[in-house]
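Okay, so here's the structure we're looking at.
Since this is a predicted model, take the numbers as computed values, not measurements.
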Amino acid sequence: MKQKIEQLSKGIFEYQLPGIILSEEKIERTVAAGKSHHGQFIISNSRGSRMKGVLYSSSRLLTLENDRFIGEVNEINYQFSAEYMNSQDVISGEISIISDCGETILPFTITIEPPYCESSMGIIRDLFQFT
């Protein structure tokens with residue numbers, strides 16, 4: 001806020017906000033039941049200038065490492081926990097991004113799949129593949 005007041009006192013007025021640029025339009029992931037998934041996305045703006053803001057997740061299962069950001073290119077890390085989820089569950093929600101460049105929403109859809117084992121030949125999903 002102090003920076004904005006200083007800009008205004010110097011006669012520098014910004015009439016048009018830069019657009020928010022996200023590295024992904026939508027987060028779509030598949031997570032094994034009982035596991036967790038770590039991911040990330042990047043927030044920047046169309047001018048390449050410094051920006052700051054806050055983030056909110058609509059689901060308690062998707063947590064954000066930092067709920068605030070400041071900088072030109074902001075890497076946001078998140079974690080989705082499917083620890084007590086059943087296979088074939090689908091969790092949908094959104095991450096709200098509120099910044100000094102405007103507001104936007106990043107939707108997410110997480111599909112829970114049955115747990116599996118990995119071997120040197122790939123993923124083992126059933127007894128037939130195991131034998």
Side-chain angles (χ1 to χ4, degrees):
M1 187 69 172
K2 184 179 178 182
Q3 294 170 345
K4 295 284 184 191
I5 293 171
E6 288 177 7
Q7 285 180 344
L8 294 173
S9 68
K10 293 177 183 176
I12 302 171
F13 300 98
E14 292 183 24
Y15 295 105
Q16 189 173 19
L17 291 175
I20 297 174
I21 299 173
L22 301 175
S23 61
E24 298 184 47
E25 291 181 18
K26 183 176 185 177
I27 298 173
E28 293 179 326
R29 302 287 186 267
T30 303
V31 180
K35 304 281 183 182
S36 64
H37 171 75
H38 297 274
Q40 65 183 359
F41 61 93
I42 296 173
I43 303 172
S44 60
N45 65 45
S46 58
R47 284 192 197 148
S49 61
R50 185 177 163 134
M51 61 186 293
K52 57 184 169 182
V54 293
L55 304 161
Y56 300 101
S57 173
S58 65
S59 174
R60 61 180 174 76
L61 299 173
L62 189 134
T63 57
L64 301 162
E65 186 176 299
N66 290 321
D67 62 349
R68 300 177 191 281
F69 63 91
I70 187 166
E72 292 176 16
V73 178
N74 304 287
E75 186 176 291
I76 308 298
N77 296 309
Y78 64 87
Q79 176 181 351
F80 183 84
S81 176
E83 188 173 342
Y84 300 107
M85 304 300 294
N86 297 321
S87 62
Q88 305 306 317
D89 285 348
V90 177
I91 309 300
S92 296
E94 56 191 31
I95 298 171
S96 300
I97 302 165
I98 303 165
S99 73
D100 56 356
C101 295
E103 299 176 10
T104 190
I105 291 175
L106 177 62
F108 64 84
T109 303
I110 310 292
T111 305
I112 310 301
E113 67 181 3
Y116 57 84
C117 296
E118 288 190 48
S119 71
S120 60
M121 296 178 68
I123 296 173
I124 300 172
R125 295 191 184 272
D126 57 22
L127 185 58
F128 178 75
Q129 291 177 341
F130 178 71
T131 56

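- Every residue meeting the salt bridge (charged side-chain N to carboxylate O under 4.0 Å, His left out) condition with Glu24, not counting sequence neighbours, appears here in chain and number order: Arg29.
- In terms of heavy-atom proximity, Pro114 sits nearest to Ala32 at O-CB, 4.4 Å.
- Annotation for Ser81 and Ser36: closest pair CA-CB, 4.1 Å, computed over non-hydrogen atoms.
- Residue Lys26 holds its NZ atom at 6.5 Å from OG of Ser92, rounded to the nearest 0.5 Å.
- Separation of atoms NZ (Lys52) and CD (Gln3) is listed at 5.0 Å; rounding is to 0.5 Å.
- Connectivity analysis of hydrophobic side chains (ILVMFWY, heavy atoms under 4.5 Å, direct or indirect) links Leu61 to Ile20, Leu22, Ile27, Val31, Phe41, Ile43, Met51, Leu55, Leu62, Leu64, Phe69, Ile76, Tyr78, Phe80, Met85, Ile91, Ile95, Ile97, Leu106, Phe108, Ile110, Ile112.
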#### Entry: Test side-chain contact (heavy atoms from CB on, under 4.5 Å) applied to Asp67 and Val54, step by step
CA-CA 6 Å; Asp67 62 349; Val54 293; 5.9 Å; no

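- The minimum heavy-atom distance between Ser58 and Gly93, with the atom names listed, is OG-CA, 3.3 Å.
- Considering every non-hydrogen atom in both Glu25 and Pro107, the closest pair reads O-CD, 3.5 Å.
- Between the side chain of Ser99 and the backbone N or O of Gly53, no donor-acceptor pair lies under 3.5 Å.
- Rounding to the nearest 0.5 Å places SG of Cys101 at 12.0 Å from CZ of Arg50.
- Taken to the nearest 0.5 Å, the CD atom of Glu94 stands 10.0 Å off from the OG1 atom of Thr104.
- Side-chain atoms of Ser46 and Ile21, non-hydrogen and from C-beta on, do get closer than 4.5 Å to each other.
- Other residues, nucleotides and ligands place more than 12 heavy atoms under 6.0 Å from the CD atom of Glu6.
- Among residues two or more places apart in sequence or in another chain, the side chain to side chain donor-acceptor pair (under 3.5 Å) test is passed with Ser49 by Asn45.
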